[in-house]
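Data first, discussion second: the structure below is written as structure tokens.
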Amino acid sequence: MLRTSRFIPYLYLTPAALLLAFTFGYPLIAIFDFSTRRIRGASGPFIGLENYRQVLNDSVFHQAVAHNAHLLLAVPILLASGLLLAILLYERPRWWPLYRTILFLPYMLAVPLVGIVLSNMLQRNGIVNEMLRAIGLNMLALDWIGSAGLALWSVMGVIIWREMGFGMMLFLARLQSLNEEVTEAARIDGANWWQRVLFVTIPQLRGVIEFYVVISVITMLAWVFSYVYVMTRGGPGNATIVIEMYLYNFAFRNALPGIASAVAVILFLLTLGLTIPLFRLRAQAAEEDRA
Amino acid sequence: MNANLPFDKAIQRPANPAMRRALRLFSWSSALRQAVLIAACFLVLLPAYFMLATALKTPEAYSLSKFSFPTSPTLDNFNAALRGGRFVVWFLNSAILAISAVAVSLAVSALAAFAIARMRFRGATLFLGLNTALMVIPPVVMLIPLFLLLTNTRLIGSYAGAALVYAGLLTPFSVYLLVNFFRAIPHEVIESALIDGAAPFMILLRIVLPLSVPALVTLVVVNGLWVWNDLLIALILLPRDDLRTLMVGITVFGSRYNNDVPVAMAGMLLASLPMLLVYIFGQRYFIRGLIAGAVKG
């Protein structure tokens, strides 16, 4: 530790503190204030919890919440596919560095780009349907983006396509820091591949798996705006509206920042609630790492 | 070769080394493994193929077959996409924002992280705890007050306002990563500088930062890409057409050329080039940053 006079450290801290107060501190306090006012333009009269009442009674908001909940189905799929690919790569099959580079690529690409390319592929007369027809699956050649029943599944598929590489890389990094002797011992004891994966490898990855699940849950609840905005704008109708899109519509389409702030508060408390287990898991993962 | 090897085992081996290697490599389990990996790679690469093949097709060729290889490739789609220089403007806007936001956040984060990692003072733990908690809060939550604040201060639709917001959003991760990195620098290195009478700021500048180049490169890559790839903030804080970033630009572009897919794909291909370059040359740093942000500490 450096010895300095008492106020010097705060001098170093000030620029960051001011910047964080501007982007996080003020807005996070302001949304609570705004959410209790009827705002037209810059400010408005205090109306108590009226905005919250309106949001919680709005069937479109219920739909948005249900759609975010639906997207949670992507979490087990992401987890299983990420784990499978990481374990396969960890065994260092031939060309594994090439596979790793390719499989991580989607995560590097921007969401708008991915959304536009894949939406075009999923159009009614797009390449996906053309391929399905070519292999005789005509009944599966559907209107993936344009029909209300399928659009949310398509958005989910695109999210899985792009985010899969993240989990894979996370698990692979953890695997590479593990002690190989344990798996080797299980092999010598006659455990087959499935037994080694289920009873030796996965238990050792427990910390990072829990962490990944929490991170993915937060993603599905509060970080999917760009996918939805680019692919469907929440449509057709409200078939793919999510909480963030609902907030965006009220704030910047309908110019009702009071109501939108109530949604922001709800979203904030939701992520905050999920952050607590995240912190615990992060500390745990760090502990395992040191061990 | 081992002379004690049983004779019968020795003759079972194919004499030809290439043949022997092929036999050793082939097994049903490794074939299955390869099949799964190749299938996954196919799913990942199909959109890339679609983008490239479509960008080289005429609208007629595209409407005939989406999957086919472009037999008579054309560059017309790229000309159409580049017309009017809009892509260049979007590129520049994104670059200006990314560079300034990354620079600002790096400077303030390095100062704060240095104090937290290397000085003893009240509130250090509290600051770091709050800072870390901010990492998972989605920006959409802060957007309404920021929009109103920037509108009131006439900073809406300006590089400065948006860059400052981006810099702020990048700071929690940057502080967090740098604190971990600065703490790992052995204190003998710093002590020897202290004996030479260096002031704390000089220690940061001359010793700590040069030793932290890997962490700084990681931050530049990860944070730069974050700003470059963001849609939401640019969409709302930069509403003027001439200030559109690449992501806002391609979103508009993609819906405008909804019915002219080859031109849309040519545009997407152009837009993905910088990211691909960063990926090819910066993969190592990106992965390191990702893992550091997720697993450590």
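Letters A, B, ... mirror the listed sequences (proteins, then strands); counts begin at 1.
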### Query
Which word best sums up how the rings of W223(A) and W226(B) line up, parallel for under 30°, tilted for 30 to 60°, or perpendicular for over 60°?
perpendicular
Residues pairing under salt bridge (charged side-chain N to carboxylate O under 4.0 Å, His left out) where one sits in residues 113-129 of chain A, two or more places apart or in two chains, turn out to be R124(A)-D143(A)
Turns out that what part of L118(A) lies under 4.5 Å from chain B's heavy atoms comes down to side chain
When the 4.5 angstrom heavy-atom criterion is applied to L113(A) and chain B, the contacting part is both
Less than 4.5 Å apart, any side-chain heavy atom of [X] and any of [Y]?
X       : Y       : result
R33(B)  : W193(A) : yes
Q34(B)  : Y99(A)  : yes
I137(B) : T275(A) : no

From the list G254(B), A110(B), S65(B), the residue making the most non-hydrogen contacts under 4.5 Å with chain A is S65(B)
Whatever's closer than 4.5 Å to a heavy atom in chain A on I203(B) counts as side chain
The interface call for L169(B) against chain A, heavy-atom contacts under 4.5 Å, is both
Query raised in the report: For the rings on F147(B) and F252(A), is their centre-to-centre separation under 6.0 Å?
Result: yes
Shortest non-hydrogen pair, F34(A) vs P145(B), comes out as CE1-CA, 3.8 Å
